[in-house]
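Predicted, not measured: the structure shown is a model, and the values here were computed from it. Naming convention: chains lettered A, B, ... in sequence-line order (proteins, then strands); numbering from 1 in each chain.
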Amino acid sequence: MVKEIERAGIPVVHMCTVTPISMTVGANRIVPTIAIPHPLGNPALPAEEEYALRRKLVSRALEALTTEVQDQTIFEL
Amino acid sequence: MSYRVVHYINQFFANIGGEEMAHVAPELREGFVGPGLAFNQAWKGEAEIVATIVCGDSHFAEHEKEAKAQILAWVKEKKPDLFIAGPAFNAGRYGYACANVALAVKEELGIPVLTGMYEENPGADLKDKILIVPTANSAAGMRKAAPVMAKLALKLMKGEKLGASCEDGYMPNGVRVNFFEKERGSKRAVDMLLKKLADKPFTTEYPMPSFDRVAPNPAVKDLSHATVALCTSGGIVPKGNPDHIESSSASHYGEYCIKGVEKLTAETYETAHGGYDPVYANDDPNRVLPVDVMREFEREGRIGKLHDYFYTTVGNGTSVANAKKFAAEYAQKLLQAGVNAVIMTST
């Protein structure tokens with residue numbers, strides 16, 4: 001799906017936990033996330049810390065969207 | 001006496017003309033035309049093209065029913081032992097015509113058929129129904145394709161048993177044949193691993209599907225004036241899953257308005273996904289679709305706007321073809337809505 005969005009001309013960032021799959025399907029901007037059932041959260045953390053973590057991850061995704069890339073790039077947190 | 005073959009080609013390979021002549025109606029010529037020569041030479045008299053049918057690619061696409069009926073009538077009259085079409089390389093309409101004419105000849109006249117084209121040619125969608133030899137993506141690949149097609153064609157005419165697709169050079173057609181390997185699986189796996197570790201070539205017994213590539217789009221210049229949309233394959237839907245998106249092998253996607261929604265809550269949203277433990281996502285759906293954080297970024301002016309709609313489906317056993325279709329469709333909606341960037345989340 002990321003590839004079809006990219007093909008339509010819209011820059012897209014893929015936030016996912018299993019980054020090798022993201023590489024295989026051909027996402028160009030990738031942000032690794034926490035876990036399969038809660039990519040953008042961690043239920044083990046207190047609510048405030050969990051929110052801060054999510055904020056950091058999405059912030060990284062926005063940075064990825066504003067970064068020029070030539071090839072598939074993983075933006076580690 | 002040699003076997004009789006009828007060959008199908010388009011206006012280009014018949015030297016009638018290119019795109020400007022693609023409208024020409026079907027025409028029957030005696031003997032071989034153009035690329036048919038390569039087949040005749042390869043058969044060395046064992047088989048021969050007795051007639052060639054030429055049809056413009058656009059004509060076939062626009063008058064498929066009539067063109068097919070005419071072609072079938074001619075093929076029937078010529079009583080060939082084989083019908084061969086193309087090869088079409090990466091010419092889309094030509095490939096479509098070759099595959100569909102061949103299928104009609106096979107099904108309606110019961111004559112063996114064969115065609116050839118590039119693997120990504122839309123005509124290759126029929127590879128499970130007719131034999132298609134994979135070729136290069138341009139006519140420069142004729143020299144390589146002709147002997148493979150000619151050899152396979154002879155086998156078909158002689159009624160010989162076909163080998164596996166990798167032996168006889170046709171596209172895998174989904175037919176599985178049981179056989180006994182000489183070595184047991186564990187030994188084959190270790191042999192393969194040793195070759196891989198030694199950087200030596202090896203052949204997999206289970207090829208992974210291949211994925212095409214799309215070049216990255218330029219970065220967003222100014223996020224503070226950009227509209228950013230959220231999309232997910234994690235199955236987040238309004239509570240109750242109003243559009244009944246399937247928990248696996250989804251047949252559709254959902255488009256939901258989040259205008260005025262500050263964050264997703266357990267009371268209003270949930271996941272329809274059946275491929276991961278839904279407890280955490282149901283408890284706080286922002287863990288999959290981060291609406292809460294995006295709203296905060298919107299208030300802070302970090303992004304111009306969170307798009308009013310999000311697009312969602314369940315990426316659990318969902319076919320690549322369906323996923324592709326969903327996203328190709330909603331990407332156009334995003335474009336029309338002036339969305340500048342997308343965050344896609346996956347579980």
Side-chain angles (χ1 to χ4, degrees), chain A residues 1-45 47 50-73, chain B residues 208 211-223 226 228-229 231-234 253 271 273 275-281 283-284 286-290 292-294 296-297 302-303 311 313 315 320 323-332 334-335 339-347:
Chain A
M1 292 195 287
V2 276
K3 213 159 46 190
E4 292 312 306
I5 294 168
E6 194 94 79
R7 210 192 299 275
I10 308 174
V12 53
V13 56
H14 193 203
M15 303 190 75
C16 66
T17 304
V18 194
T19 53
I21 295 183
S22 186
M23 293 292 285
T24 313
V25 298
N28 291 315
R29 293 176 171 92
I30 303 167
V31 173
T33 53
I34 307 298
I36 291 174
H38 44 82
L40 297 167
N42 183 352
L45 296 175
E50 187 182 14
Y51 183 82
L53 172 67
R54 176 149 64 246
R55 196 185 144 97
K56 244 196 301 189
L57 284 163
V58 179
S59 181
R60 191 73 180 125
L62 293 179
E63 282 168 24
L65 286 170
T66 50
T67 305
E68 299 292 353
V69 299
Q70 300 303 320
D71 207 349
Q72 294 187 292
T73 308
Chain B
M208 291 290 123
F211 296 95
D212 66 339
R213 289 281 176 259
V214 180
N217 285 309
V220 182
K221 294 260 168 344
D222 178 10
L223 263 185
V228 183
C231 297
T232 188
S233 65
Y253 64 90
T271 180
H273 203 292
Y276 65 88
D277 182 350
V279 171
Y280 313 103
D283 196 33
D284 180 0
N286 300 286
R287 285 171 176 153
V288 176
L289 198 75
D292 55 357
V293 168
M294 291 297 279
E296 190 178 14
F297 285 146
R302 175 105 189 259
I303 61 167
Y311 292 89
T313 193
V320 174
K324 198 174 155 139
K325 193 180 74 187
F326 301 162
E329 195 177 304
Y330 67 66
Q332 291 307 314
L334 292 168
L335 265 185
V339 168
N340 308 103
V342 169
I343 295 177
M344 168 79 71
T345 67
S346 290
T347 47

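- When heavy atoms are compared at a cutoff of 4.5 Å, Asp284(B) approaches chain A solely by way of its side chain, counted from C-beta outward.
- Taking Glu4(A) as the reference, Arg7(A), Lys324(B), Ala327(B), Ala328(B) meet the side chain to side chain contact (heavy atoms under 4.5 Å, CB included) condition, with sequence neighbours excluded.
- In this structure, Gln72(A) contributes its side chain and Ala27(A) its backbone to a donor-acceptor pair below 3.5 Å.
- Thr271(B) and Tyr276(B) make their closest contact through OG1-OH, 3.1 Å (heavy atoms, listed as atom of the first residue, atom of the second, distance).
- The contact between Thr67(A) and chain B is made entirely by backbone atoms, counting heavy-atom distances below 4.5 Å.
- Contact annotation: the side chain of Val2(A) never approaches that of Ile30(A) to less than 4.5 Å [non-hydrogen atoms, C-beta and beyond].
- Contact record, Ser22(A) with His14(A): OG-ND1, 2.7 Å, taken as the closest heavy-atom pair.
- Near-neighbour residues of residues 53-63 of chain A relative to chain B, defined by a heavy atom under 4.5 Å from a heavy atom of that chain, comprise Arg54(A), Arg55(A), Val58(A), Ser59(A), Ala61(A), Leu62(A), Glu63(A).
- Between chain A and the options Gln332(B), Lys221(B), Glu296(B), His273(B), heavy-atom pairs under 4.5 Å are most frequent for Glu296(B).
- Under the rule for a side chain to side chain contact (heavy atoms under 4.5 Å, CB included), the partners of Asp222(B) that lie at least two apart in sequence or sit in another chain are Ser224(B), His225(B).
- For chain A, the nearby part of Ala215(B) is the backbone; its heavy atoms alone come within less than 4.5 Å.
- Comparing Asn340(B), Thr232(B), Asp292(B) by how many heavy-atom pairs each has under 4.5 Å with chain A, the most go to Asp292(B).
- In this structure, chain A has a heavy atom under 4.5 Å from the side chain of Tyr330(B), while its backbone stays farther away.
- When side chains are defined from C-beta on, Pro37(A) does not count as touching Val279(B), because their heavy atoms never get closer than 4.5 Å.
- Among pairs with a residue in residues 27-45 of chain A, those fulfilling side chain to side chain donor-acceptor pair (under 3.5 Å) read Glu6(A)-Asn28(A), Thr17(A)-Thr33(A), at least two apart in sequence or across chains.
- Interface summary for chain A: among Thr313(B), Asn286(B), Val339(B), the most heavy-atom pairs under 4.5 angstrom belong to Asn286(B).
- Side-chain contact between Met1(A) and Tyr311(B) is absent, with no heavy-atom pair separated by less than 4.5 Å.
- Both the backbone and the side chain of Ser233(B) come within contact range of chain A, with heavy atoms under 4.5 Å apart.
- Looking at Leu334(B), the atoms closer than 4.5 Å to chain A (heavy atoms on both sides) sit in the backbone and in the side chain alike.
- The minimum heavy-atom distance linking Ile10(A) with Ala331(B) is given by the pair CD1-O, 3.9 Å.
- Contacts of Gln70(A) with chain B are made by backbone atoms alone, with heavy-atom separations under 4.5 Å and no side-chain atom involved.
- Of the listed residues (Ile34(A), Asp71(A), Ile5(A), Val31(A)), the one with the most heavy-atom contacts under 4.5 Å to chain B is Ile5(A).
- Residue Asn217(B) comes nearest to Pro11(A) through the heavy atom pair ND2-N, 3.7 Å, listed as atom of the first residue, atom of the second, then distance.
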